[in-house]
Participant: 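Have a look at this one before I ask anything.
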Amino acid sequence: MAGTGIHPYHQQWPPAQAPTPPTAPGAPPSIHHAPPHVLFDNSNRGPSTHEEVRTIFITGFPDDVKERELQNLLRWLPGYEASQVNYKGDKAMGFALFSSSQHAIAAKDSLQDMVFDVETKSVLHTEMAKKNLFVKRGIVADSDAYDQSKRLRTGGDYSHAAYTTPSPFHPPPPPVWGPHGYMAPVPPPYDPYGGYPVPQVPMPPAPIPAPSSYVPIQNTKDNPPCNTLFIGNLGQNINEDELRGLFSVQPGFKQMKVLRQERHTVCFIEFEDLNSATTVHHSLQGAVIPSSGSIGMRIQYSKNPFGRRKDGIHHVASHSANGASPPITYQ
DNA sequence: AGCACA
């Protein structure tokens with residue numbers, strides 16, 4: 001779901017008096033906030049990557065429609081993520097973001113011509129929006145992205161509230177996600193619009209980090225086996241998260257410490273026991289991950305395992321280990 | 001070849 005539209009860049013729920021009335025995705029562009037230096041910019045992939053529209057545009061509300069009314073209407077719809085009402089024109093316009101365009105289309109169809117309010121006899125009209133609603137979600141991987149948005153807070157600090165502090169205005173506490181799973185609409189008893197079919201769009205499963213390839217490594221002088229591995233030959237711009245992703249899923253992984261030095265980045269990984277360390281020592285020797293370029297990592301046992309002190313102070317009281325101590329398991 | 005932290 002990456003794309004230009006997701007820069008969660010401004011806060012969404014100031015109803016009427018927002019300093020910058022949210023640009024109506026379907027309306028003529030007034031101010032398009034070009035996301036400043038955003039990390040999610042996909043410009044490096046070319047402009048062809050145009051994000052799918054998964055927002056619907058809703059009109060036909062009574063003039064006094066509340067943001068909340070719309071939310072309460074929509075939260076039952078599968079894939080609903082967020083909505084907002086724009087009061088700028090003389091008619092209130094609603095926008096609702098769904099997790100996929102399929103969900104959006106399904107929601108659009110089910111809301112089409114719905115009687116929203118019997119007293120005012122308002123009937124909804126829906127179409128796909130021209131572009132997606134901007135939403136700041138808790139999912140933002142990088143918190144730098146929302147610093148600029150703080151000024152738009154109207155009441156309550158939403159930026160830290162995601163998923164933890166339910167706020168009446170807070171949109172994304174995923175309505176029907178969570179334990180029920182992504183696709184469980186679990187419509188309410190009265191269920192006026194719950195029955196439509198929604199194409200299943202499975203979430204891409206989190207990929208298990210795996211080396212992209214292996215390169216033969218000459219690992220001449222290694223240290224005595226221990227529960228801590230030393231990883232070298234990682235390349236200039238090795239990505240720590242990638243490294244962690246790879247190692248943290250290895251059985252027995254305990255912790256990892258990255259040491260960035262002038263020329264080389266190295267890292268240390270502690271395992272539960274010697275066995276798991278040894279397994280990884282062999283299985284990932286020479287592994288190449290994307291950020292390491294095309295070079296293979298060198299894996300050795302660490303000179304100074306976690307838990308063993310460097311300069312002669314042996315913490316194992318009973319066992320007077322000396323310099324030539326056998327490879328016992330440390331931990 | 002680059003080995004820190006408790």
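Convention: sequence-line order gives letters A, B, ...; per-chain numbering from 1.
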Participant: On DNA chain B, check which nucleotide each of Thr228(A) and Asn233(A) is closest to and give me the residue with the more 5' one.
Facilitator: Asn233(A)
Participant: Quick check on side-chain hydrogen bond (donor to acceptor under 3.5 Å, both in side chains): which of Gln236(A), Glu240(A), Glu242(A) does Ser291(A) satisfy it with?
Facilitator: Glu242(A)
Participant: Can you tell me how far P of dA4(B) sits from CD of Glu240(A), to the nearest Å?
Facilitator: 17 Å
Participant: Heavy atoms under 4.0 Å, any strand shown: does Glu262(A) hit a base, just sugar-phosphate, or nothing?
Facilitator: nothing
Participant: Looking only at side-chain atoms of Phe306(A), point me to the closest of dG2(B), dA4(B), dA1(B).
Facilitator: dA4(B)
Participant: What's the closest nucleotide to the side chain of His264(A) if the choices are dA1(B), dC5(B), dC3(B)?
Facilitator: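 Looking only at side-chain atoms, His264(A) lies closest to dA1(B).
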Participant: Mind calculating the distance between CD1 (Ile269(A)) and C1' (dA4(B)) to the nearest angstrom?
Facilitator: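 My rounded result for the distance is 13 Å.
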Participant: For the pair made of CD in Gln255(A) and P in dA6(B), what is the distance, rounded to whole Å?
Facilitator: 11 Å
Participant: Select from Lys257(A) and Arg298(A) the residue whose nearest nucleotide in DNA chain B is closer to the 5' end of that strand.
Facilitator: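 By nearest-heavy-atom nucleotide position, the 5'-most residue is Arg298(A).
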Participant: Between dA1(B) atom C1' and Leu234(A) atom CG, what is the distance in whole Å?
Facilitator: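 My rounded result for the distance is 12 Å.
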Participant: Nearest whole angstrom, please: distance from the P of dC3(B) to the CZ of Arg263(A).
Facilitator: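 Going from CZ in Arg263(A) over to P in dC3(B) covers 13 Å.
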Participant: With no hydrogens and no angle check, is any side-chain donor or acceptor of Asn132(A) less than 3.5 Å from a backbone partner on Arg54(A)?
Facilitator: yes
Participant: Under 4.0 Å between a side-chain nitrogen and a carboxylate oxygen: does that hold for Lys257(A) and Glu270(A)?
Facilitator: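 Between Glu270(A) and Lys257(A) there is no salt bridge, as every charged N stays at least 4.0 Å from the carboxylate O atoms.
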Participant: Gln236(A) CD to dG2(B) C1': how many Å, rounded?
Facilitator: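 Rounded to the whole Å, the gap is 12 Å.
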Participant: On the 0 to 90° scale, with breaks at 30° and 60°, tag the Phe57(A)-Phe95(A) ring pair as parallel, tilted or perpendicular.
Facilitator: tilted
Participant: Stacking between Phe268(A) and dA4(B), defined as ring centres under 5.5 angstrom apart with planes under 30°, is that present or not?
Facilitator: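 So yes, this residue stacks on that base, both cut-offs being met.
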Participant: Starting from P on dG2(B), measure out to CZ on Arg260(A) and report it in whole angstrom.
Facilitator: 19 Å
Participant: Reckon Thr265(A) touches a base, only the sugar-phosphate, or nothing at all at heavy-atom distances under 4.0 Å?
Facilitator: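 Nothing, no heavy atom under 4.0 Å.
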Participant: Taking atom C1' of dG2(B) as reference, at what distance in whole Å does atom CG of Leu229(A) sit?
Facilitator: 16 Å
Participant: To the nearest 0.5 Å, what is the distance between CD1 (Ile217(A)) and CD1 (Ile295(A))?
Facilitator: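 The CD1 atom of Ile217(A) sits 8.5 Å away from the CD1 atom of Ile295(A).
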